[in-house]
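To keep things clear, I will list the structure first and then write my remarks on it.
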2 protein chains.
Amino acid sequence: MSLDDSIGFLINQAGRRISQLLAQRFAPYEVTTEQWSVLARLREEDGISQKELAFRVGKDQTNVTRILDQLERKQLVVRRPNPDDRRSFLPYVTEEGNRVYLLLLPIEKDVVAEATSGIGSEDLAKLKELLVRVTDNSLQRLNL
Amino acid sequence: MSLDDSIGFLINQAGRRISQLLAQRFAPYEVTTEQWSVLARLREEDGISQKELAFRVGKDQTNVTRILDQLERKQLVVRRPNPDDRRSFLPYVTEEGNRVYLLLLPIEKDVVAEATSGIGSEDLAKLKELLVRVTDNSLQRLNL
DNA sequence: TATATATAATTGCTATAGCATCTAATTGCA
DNA sequence: TGCAATTAGATGCTATAGCAATTATATATA
């Protein structure tokens with residue numbers, strides 16, 4: 001029994017490598033892969049709470065706070081007060097954020113295509129399905 | 001097209017969740033999941049260089065240096081000078097490291113079993129194969 | 001053999017991950 | 001209504017990820 005038989009290890013290794021590749025391609029634009037994922041999610045559902053956003057990107061609320069700090073510093077996102085709850089801020093993608101998103105989108109697509117080259121569309125669908133399953137199984141047993 | 005269609009996102013999300021679950025189970029033993037992976041790999045091939053070890057765990061050499069610092073602090077690993085190259089140190093698992101490894105092994109197996117529950121052995125094999133493919137594809141295109 | 005080049009490991013830096021804790025605001029219930 | 005419990009977000013802390021630069025040693029080549 002080797003480390004290479006551990007699904008946990010294999011998933012994280014694949015994740016590190018594909019993120020590293022994406023990070024290299026994103027580097028000229030000074031946007032990290034995680035900032036990208038938050039920006040992308042936010043573009044799909046603007047104006048949700050940070051807590052909700054954290055859930056939607058599968059990240060800790062603490063991290064989302066800090067990633068939003070970075071995105072706001074770069075003026076890709078703005079936080080506006082939530083009129084219904086004065087504890088809460090709602091993040092929105094700015095014009096510039098939208099522009100950067102559209103600029104990076106094809107780069108991300110390329111990297112995904114390269115990382116999955118040689119994998120048929122059926123296998124790709126299977127891979128996604130199994131990853132979601134692992135995510136859900138883990139989430140279910142997590143003490144959150 | 002949503003973030004949820006991105007293999008990169010899905011892999012990293014699954015990786016975060018399963019690591020988080022494993023981290024919760026490892027917490028009482030004060031060993032992190034990444035320390036675990038280095039310890040496990042080192043147990044398979046003692047006495048290789050840190051550079052080689054880094055490659056074998058799919059991590060940056062810098063990180064391996066620091067993870068080894070942690071493992072050495074906990075006396076689970078010792079670094080001995082490489083007699084053939086005075087720039088180099090060779091890490092070895094200690095008795096205590098071996099003991100801790102054997103203690104954590106069944107916990108890791110449990111977590112993997114839980115995270116993959118409902119996935120048949122054929123699909124599991126497929127998942128591993130596809131993850132290795134993604135890793136290799138990404139590695140190939142990385143500027144290292 | 002002298003010197004330039006390359007290499008192993010470390011250190012410094014920024015960003016992410018996640019836990020515990022804090023503050024301010026909201027909700028629940030006596 | 002009034003106060004306790006809960007919640008949203010932020011902050012502090014440690015560990016990991018990866019890049020750039022540093023130090024010490026090895027290797028290659030003029």
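So that the names make sense, note that chain A is the first sequence line, chain B the second, and so on, each numbered from 1.
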So, OP1 or OP2 of [N]: does either fall under 4.0 Å of a side-chain N or O from [X]?
X	N	answer
Lys59(A)	dA17(C)	yes
Gln35(B)	dA15(D)	no
Gln20(B)	dC19(C)	yes

Whole Å only: how far is the [atom1] atom of [X] from the [atom2] atom of [N]?
X	N	atom1	atom2	result
Leu90(B)	dA8(C)	CG	C1'	11 Å
Asp60(B)	dA20(D)	CG	P	11 Å
Leu21(B)	dC19(C)	CG	P	11 Å
Arg16(A)	dA15(C)	CZ	C1'	16 Å

Heavy atoms only, 4.0 Å cut-off, all strands: where does [X] land among base, sugar-phosphate and nothing?
X	value
Arg79(B)	sugar-phosphate
Arg66(A)	base
Ser49(B)	sugar-phosphate
Thr32(A)	sugar-phosphate
Gln24(B)	sugar-phosphate
Asp85(A)	sugar-phosphate
Thr62(B)	base
Gln61(B)	base

| request: Evaluate the criterion side-chain contact (heavy atoms from CB on, under 4.5 Å) for residue pair Arg16(B) and Ser19(B); output intermediate values, then yes/no. | output: CA-CA 5 Å; Arg16(B) 266 195 309 276; Ser19(B) 289; 5.9 Å; no
Which one, [options], comes nearest to the side chain of [X]?
X	options	value
Ile67(A)	dG18(D), dA9(C), dT16(C)	dT16(C)
Thr65(A)	dT11(D), dT16(D), dA8(D)	dT11(D)
Arg87(B)	dA8(D), dG18(C), dA6(C)	dA6(C)
Lys51(A)	dA8(D), dC19(D), dA15(D)	dA8(D)

| Pi-cation contact, Phe89(B) with Arg80(B) (under 6.0 Å, within 45°) | no
| remark: Rounded to the nearest 0.5 angstrom, the CD-CG distance for Glu122(B) and Leu127(B) is 13.5 Å
| Partners of Tyr101(B) by ring-ring contact (aromatic ring centres under 6.0 Å, His included), sequence neighbours excluded? | Trp36(B)
| Residue whose nearest DNA chain C nucleotide is more 5′ - Arg86(A) or Asn63(A) | Asn63(A)
| request: Using the closest heavy atom to pick a nucleotide of DNA chain D for each, name whichever of Gln50(A) or Ser19(A) lands nearer the 5' end. | output: Gln50(A)
| Can you list the residues that meet the side chain to side chain contact (heavy atoms under 4.5 Å, CB included) rule with Arg66(A), with sequence neighbours excluded? | Thr62(A), Asp69(A)
| task | Could you tell me whether a side-chain N or O of Thr94(A) sits under 3.5 Å from a main-chain N or O of Gln75(A), the two making a donor and an acceptor? | result | yes
